[in-house]
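These notes are about the structure you will find just below.
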Amino acid sequence: MSDSKLRPYALALAAAGLFGASFPLSKLLLREIGPVGLAGLLYLGSGLGVGALRLLIRKPIERGEATLKKADWGWLAGVVLSGGVAGPILLLLGLARTSAHVSALLANTETLFTMALAVAFFGDFLVRREALGAAVIFIGATIGAWAGAGQGGAMSWQGPVLLLGAGLSWGLDNNFSQRISAKDPLQIAALKGIGAGLANLLLAGWTEGLPRPGPSVLGSAMAVGFVCYGLSVVLF
């Protein structure tokens with residue numbers, strides 16, 4: 001296989017690796033910051049970091065990508081609300097109630113929900129190999145959810161259910177993002193991060209209080225957001 005054919009797979013693997021690193025790192029940050037506030041800081045770091053990166057590189061037209069048009073803003077709003085607000089809040093609430101490794105396994109349900117929504121509502125279809133892959137992910141997610149529930153008491157299913165909700169939210173996000181996938185990815189990631197970050201911080205102010213971390217914790221949260229969320233979205 002040529003390098004040009006391998007490149008998309010390498011980028012996708014790099015995106016998955018960066019996003020996977022966010023689970024143990026976010027678990028540590030949850031000791032200092034509430035889940036909704038942390039979601040805000042992570043996405044704000046993502047949006048600001050990618051926005052700065054966009055200013056440092058060539059213009060999108062030179063990369064063969066178009067900027068967002070008026071018709072794209074509806075899809076972008078769906079991306080922000082599903083993938084930038086609902087998804088990370090549900091993830092961090094679930095992560096606070098479930099171990100990092102079980103949470104990472106359950107996050108794979110994002111793929112299942114992406115496939116199911118694409119087939120049901122966006123006219124896609126699955127070949128046999130893809131259907132078998134979805135079945136393997138479903139079995140793994142079921143085992144992961146069972147393991148996560150076995151760690152607690154009466155409310156032991158709360159964490160896995162929240163994580164499944166995050167997977168559904170990101171499944172919607174992926175399908176919405178596909179509609180604007182030919183547009184400048186840095187612009188999309190920057191707008192998504194800043195919009196979702198501000199929205200989550202507003203929600204944090206109404207629910208758990210605005211986060212007031214020290215400089216080191218704040219810097220760590222913003223850095224994790226930029227690398228694990230922002231760069232992973234751009235690569236994906």
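- Using a 30° and 60° split on the angle between ring planes, F19 and Y229 fall in the tilted class, from 30° to 60°.
- Under the 4.5 Å side-chain heavy-atom criterion for ILVMFWY residues, no single connected hydrophobic cluster contains both V233 and F113.
- Counting heavy atoms from C-beta outward, L191 and L68 have side chains that approach closer than 4.5 Å.
- The CG atom of L48 sits 5.0 Å away from the CD1 atom of I194 when rounded to the nearest 0.5 Å.
- The shortest non-hydrogen separation linking S82 to F176 is OG-CD1, 3.8 Å.
- Hydrophobic clustering (ILVMFWY, side-chain heavy atoms < 4.5 Å, transitive): L28 and L95 are in distinct clusters.
- With values rounded to the nearest 0.5 angstrom, L90 atom CG is found 9.0 Å from L168 atom CG.
- What you find for T109 and G167 is that their closest heavy atoms are OG1-CA, 3.9 Å.
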task: Tell me, with the steps shown, if L38 and N200 meet side-chain contact (heavy atoms from CB on, under 4.5 Å).
output: CA-CA 8 Å; L38 179 56; N200 288 333; over 6 Å; no
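- Residues T114 and W170 form no side-chain contact, since every pair of their non-hydrogen atoms from C-beta on lies 4.5 Å or further apart.
- No side-chain heavy atom of P35 sits under 4.5 Å from any side-chain heavy atom of I89.
- The two atoms that bring A189 and V234 nearest to each other are CB-CG2, 3.9 Å, heavy atoms only.
- A heavy-atom distance below 4.5 Å is not found between the side chains of L172 and L81.
- Within the 4.5 Å cutoff, the side chain of L92 has heavy atoms near those of the L42 side chain.
- Taking 4.5 Å as the limit, some side-chain heavy atom of C228 sits within range of a side-chain heavy atom of L25.
- In this structure, the side chain of R31 does not engage the main chain of K27 through any donor-acceptor pair within 3.5 Å.
- Under the 4.5 Å side-chain heavy-atom criterion for ILVMFWY residues, a single connected hydrophobic cluster contains both L11 and V227.
- One N or O on the side chain of S46 and one on the backbone of G230 form a donor-acceptor pair closer than 3.5 Å.
- Residues V50 and K192 have side chains not in contact (no heavy-atom distance under 4.5 Å, counting atoms from C-beta outward).
- To the nearest 0.5 Å, atom CZ of residue R179 and atom CG of residue N174 are 12.0 Å apart.
- Closest approach of A196 and G84 over heavy atoms only: CB-O, 3.3 Å.
- We find the CG-CE distance between N175 and M115 to be 11.0 Å, quoted to the nearest 0.5 Å.
- Atoms CG and CG, on L91 and L162 in that order, are 9.5 Å from each other to the nearest 0.5 Å.
- Taking CG from D184 and CZ from R54, the interatomic distance works out to 4.5 Å, rounded to the nearest 0.5 Å.
- By the rule that hydrophobic residues join a cluster once side-chain heavy atoms approach within less than 4.5 Å of another member, I188 and L55 end up as members of separate clusters.
- Taking both residues in full, the closest heavy atoms of G37 and L201 are given as O-CD2, 3.9 Å, listed atom of the first, atom of the second, then distance.
- Checking side-chain atoms of E208 against main-chain N and O of V36 turns up a donor-acceptor pair under 3.5 Å.
- In terms of heavy-atom proximity, A221 sits nearest to I33 at CB-CD1, 4.4 Å.
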